[in-house]
Amino acid sequence: MEGSSEPLLDAKAQVTNQLLDFQWKLGMAVSSDSCRSLKYPYVAVMLTVGDRSGQVTNKSFEMTIPQFQNFYRQFKEIAAVIETV
């Protein structure tokens, strides 16, 4: 990938973390301190990750619907590649 700023992944690289759990929920922001009415949907994601030492860490983040749709498309592409292996 010439000119790309994305890091190259080495399939032989040693995996350092493992996904233990993946949870998500759809939410709707309806108001905030600075805005009386927001009314925008979002996806909240909670990951539970374990490292080689056995330490478990929770990571959470939120995505807009367009960000989630892109995330979903990328995972579909991964699944399609995995099916060919």
Side-chain angles (χ1 to χ4, degrees):
M1 295 166 93
E2 232 175 270
S4 174
S5 63
E6 293 182 28
L8 296 176
L9 298 176
D10 180 0
K12 296 178 185 174
Q14 191 169 359
V15 175
T16 58
N17 293 322
Q18 180 179 12
L19 180 63
L20 302 175
D21 191 30
F22 179 99
Q23 296 180 20
W24 65 274
K25 67 179 178 179
L26 183 60
M28 176 72 75
V30 292
S31 67
S32 73
D33 292 340
S34 60
C35 186
R36 185 178 296 240
S37 180
L38 298 173
K39 296 183 185 172
Y40 71 87
Y42 63 91
V43 177
V45 177
M46 172 70 102
L47 305 175
T48 303
V49 179
D51 68 15
R52 293 183 60 123
S53 71
Q55 183 175 356
V56 175
T57 307
N58 291 317
K59 311 273 184 180
S60 61
F61 56 93
E62 294 178 354
M63 293 183 277
T64 64
I65 297 303
Q67 288 172 325
F68 178 75
Q69 290 168 333
N70 182 49
F71 180 78
Y72 174 72
R73 272 191 295 277
Q74 290 178 8
F75 267 87
K76 280 179 58 176
E77 290 173 12
I78 292 169
V81 170
I82 289 173
E83 288 179 8
T84 66
V85 176

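Keep in mind that the numbers below use all heavy atoms, side chains included, and drop hydrogens, waters and symmetry copies. Along the sequence shown, residues are numbered consecutively beginning with 1.
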Does Val43 belong to the same Ile/Leu/Val/Met/Phe/Trp/Tyr cluster as Leu19, with side-chain heavy atoms less than 4.5 Å apart forming each link?
yes
Hydrophobic cluster identity match, Phe75 and Met63, side-chain contacts under 4.5 Å
yes
Hey, could you give me the [atom1]/[atom2] distance between [X] and [Y], rounded to the nearest 0.5 Å?
X: Asn17; Y: Asp51; atom1: CG; atom2: CG; answer: 6.0 Å
X: Trp24; Y: Phe71; atom1: CH2; atom2: CZ; answer: 12.0 Å
X: Thr48; Y: Asp21; atom1: OG1; atom2: CG; answer: 4.5 Å

Side-chain contact test, heavy atoms from C-beta onward, threshold under 4.5 Å: evaluate it for Phe22 versus Leu47 and give yes or no.
yes
Side chains of Ile65 and Leu26: does their closest heavy-atom pair fall under 4.5 Å?
yes
Over 60° means perpendicular and under 30° means parallel, so tell me whether Tyr72 and Phe68 are parallel, tilted or perpendicular.
parallel
Met46 and Ser60 have their tightest heavy-atom pair at SD-CB, 3.9 Å
Minimal non-hydrogen separation, Gln67 against Glu62, with atom names
OE1-O, 4.3 Å
